[in-house]
Amino acid sequence: MEKNTHVDLVVIGAGPGGYAAAFRAADLGKDVLLVEKDETLGGVCLNRGCIPSKALLHISKAISETKDLSMAGVSFDKVKIDIQKVKKYKDRIVSQLNKGISSLANARKVNVLKGQAKFKSNTELTIRVGKEAKKVTFEKCIIASGSTAATIPGLPKNNDKVLTSRTALELKHIPKRLLVIGGGVIGLELGQVYSSLGSEVSVVEYLPGLIPGADPDMVKPLQKKLESQFKTIKVSTKVTKVESNSDGGFTVSLEGQEKTETKKFDSVLISVGRKPNTDLLNLSATDIDINEKGFIVVDVYQRTKVKNIFAIGDITGNPMLAHKATHEGKVAAEVSCGVSSAMDARVIPSVVYTNPEVAWVGLTEKEAKEKGVKYEKGEFPWAASGKAIILNAEQGKTKVLFDPESKKILGAAIVGPSAGDLISEACLAIEMGADAEDIGLTVHPHPTLGETFAAAAEVYTKTITDLYIPSKGVK
Ligand code: NAI
């Protein structure tokens, strides 16, 4: 690439939002430059987030399932883990997908530049490529530079036993005693991975419950499972100090509601949320607005205050999820190419890929109560599902919330194996404005876990035959 270049569209960041934006714009005929500071494409999600963590969670789930099989008369020898092979398996998946994205970029003639972009003005970027600085002027720009792990004050510096989601996925060592700080999505997913790989895991969560965004009744079956796998789970407890010990471990101060105590661990994982990567961009050289939490402010067209600069994904705020970024990326690409488009998704689903999985979309009961939104619900316990019983997943549940007037679906939540896959039907139902009858009268295949979604609607319409609910009356 020339030292000074002018492009139709430059996309900063090649995560699931950035590469989707670049590809969509290229498909719409734009000359696109995709700038990425990492060696490989795919961003946090592919290189050190969703994909490698799900690969490891797959192993963790398989180990748990083989243990469950003993009750069906099938048992295996003690689990043997070759951590180098586990790493290779995970790395191969990441590398296969890296190559896939590169070939999709090549096929579309998207120019990829490995370097770090900084704004010089509302129409110009400086891109540092190794020791060289390139100047890129643009008609349009899409910022998709994501987020990084947040931290807490007072952590020992330059200590590779203080893990972030990024370093935890490298599997450099499997600690004997691991403390997970933060009982959110990352903490529980990676806690379960390390527990399966042999660590004794403890979790400390500041708020009164795990996965604060989800309804507590949906988290309960997961919590029960984690209580059997983890050494301790402490909620309403804050980590106030982490001190290095001479033996290479840590002494951690835990401040609970009633007492403060210290505990020793060999490694700590910090999973206390993520923060937007706005500081790397020199946004002060532009007229882009940033809110008090550091996120770039955008409108429904994903446009910043500077109308030729768009922003998408984690850098624009919560939820920080790959599928939100991808959707926003396509919207930004389309708007920047003059196609009529807007970010008008009714809902963005959330999934915790633990075993069991927890997934929810749209209104939660917690949110409804906080905001005073009227709702009614249908719940189907998986103890009444043949497929769930086969899978030893009787603790699962499907819950659907409805508008008492229109009977339209407002939200849904599922806990159990494959909840993350099952929730898609609820997303479609919400997007299509389906009501309880639409869902209950849709013939679902039997025996499947998918049936439980229709069954929850039938509980609500009182047409369920797989349960007998005398208090509700049967029509
Ligand atoms: P999170 O926001 O889900 O959870 C962080 C937790 O740490 C909160 O519950 C918070 O109360 C707690 N906390 C904060 N300070 C603490 C302290 N000093 N002591 C104890 N607890 C403390 O954030 P997480 O898990 O780091 O995930 C970050 C982002 O990445 C989220 O936005 C999430 O949506 C996304 N993500 C999504 C995944 C998925 O969709 N499956 C997987 C991984 C990440």
Side-chain angles (χ1 to χ4, degrees), residues 15-17 43-58 60-61 146-155 162-169 179-193 202-214 216 219 222-223 232-242 252-257 260-261 263 265 268-277 293-295 313-326 348-361 366 415 419-421 423-424:
V44 170
C45 172
L46 171 52
N47 295 295
R48 44 188 185 276
C50 322
I51 299 294
S53 65
K54 266 81 257 180
L56 298 177
L57 279 160
H58 169 68
S60 167
K61 183 171 172 241
S147 63
T148 37
T151 187
I152 53 171
L155 285 177
V162 177
L163 300 169
T164 61
S165 55
R166 176 184 190 147
T167 54
L169 287 165
L179 173 68
V180 173
I181 306 178
V185 187
I186 294 181
L188 299 189
E189 288 183 355
L190 289 179
Q192 208 167 41
V193 165
S202 300
V203 176
V204 172
E205 165 56 46
Y206 175 64
L207 293 172
L210 300 176
I211 323 248
V219 178
L222 169 62
Q223 180 147 357
T232 47
I233 299 175
K234 284 182 191 289
V235 294
S236 302
T237 303
K238 192 175 169 186
V239 170
T240 51
K241 211 192 285 172
V242 179
V252 181
S253 305
L254 307 172
E255 190 183 290
Q257 277 175 325
T260 298
E261 55 184 336
K263 294 261 177 211
F265 297 94
V268 292
L269 166 66
I270 313 298
S271 48
V272 294
R274 298 185 64 83
K275 58 179 180 20
N277 284 334
K293 289 188 175 154
F295 293 111
D314 289 9
I315 205 152
T316 63
N318 287 311
M320 296 200 215
L321 298 169
H323 43 278
K324 168 184 166 266
T326 304
I348 310 276
S350 296
V351 182
V352 191
Y353 295 90
T354 39
N355 173 25
E357 294 183 355
V358 185
W360 65 100
V361 65
K366 202 172 166 179
V415 53
D421 293 296
I423 203 73
S424 296

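Order of listing sets the numbers, starting from 1, for every ligand and every atom in it.
Of the inter-residue distances, the one linking Leu188 atom CG with Ser271 atom OG reads 7.5 Å to the nearest 0.5 angstrom. How far CG of Leu222 is from CD of Gln192: 6.5 Å, rounded to the nearest 0.5 Å.
Atom 3 (O) of ligand 1 has as its closest protein heavy atom Val185 N, 3.3 Å. For atom 21 (N) of ligand 1, the nearest protein heavy atom (residue, atom name, distance) is Tyr206 N, 3.1 Å. Looking at atom 11 (O) of ligand 1, its nearest protein heavy atom turns out to be Glu205 OE2, 2.6 Å. Protein heavy atom closest to atom 41 (N) of ligand 1, with residue, atom name and distance, is Val351 O, 2.8 Å. Looking at atom 31 (C) of ligand 1, its nearest protein heavy atom turns out to be Met320 O, 4.6 Å. Among protein heavy atoms, the minimum distance from atom 19 (N) of ligand 1 is reached at Val239 N, 3.4 Å. For atom 15 (N) of ligand 1, the closest non-hydrogen atom on the protein side is Val272 CG1, 3.5 Å.
Residue Gly273 holds the heavy atom nearest to atom 24 (P) of ligand 1 of all those in Gly184, Ser165, Gly49, Gly273. For atom 30 (O) of ligand 1, the nearest non-hydrogen atom from the set Lys275, Glu189, Arg274 comes from Arg274. Between the choices Ile186, Ile270, Thr237, the shortest heavy-atom distance to atom 43 (C) of ligand 1 belongs to Ile186. For the residues Pro319, Gly183, Ser271, the heavy atom positioned nearest atom 5 (C) of ligand 1 is part of Ser271.
Without hydrogens or angle criteria, Glu205 side chain to Leu210 main chain gives no donor-acceptor distance under 3.5 Å. Thr164 places a side-chain N or O within donor-acceptor distance of the main-chain N or O of Thr167, the cut-off being under 3.5 Å. Distance alone, capped at 3.5 Å, is enough to place a donor-acceptor pair between the Glu189 side chain and the Tyr353 backbone. For the pair Arg166 (side chain) and Arg48 (backbone), a donor-acceptor distance under 3.5 Å is absent. A donor-acceptor pair under 3.5 Å is absent between the side-chain atoms of Thr316 and the main chain of Asp314, judged by distance alone. Of the possible donor and acceptor atoms, none in the side chain of Thr232 sits under 3.5 Å from a partner among the backbone N and O of Ser202.
Using modelled atom types, one finds no donor on one side chain facing an acceptor on the other under 3.5 Å when comparing Ser147 with Asn277.
On a distance-only criterion, Lys238 and ligand 1 share no N/O pair closer than 3.5 Å. For ligand 1, none of its N or O atoms has an N or O atom of Ile181 under 3.5 Å away.
For atom 39 (C) of ligand 1, a protein non-hydrogen atom is found at a distance below 4.0 Å.
Only the side chain of Leu321 comes within 4.0 Å of ligand 1, judged by heavy-atom distances. Contacts between Thr240 and ligand 1 below 4.0 angstrom, taking non-hydrogen atoms only, are absent altogether. Looking at Ile152 against ligand 1, only its side chain comes within 4.0 Å, counting heavy atoms.
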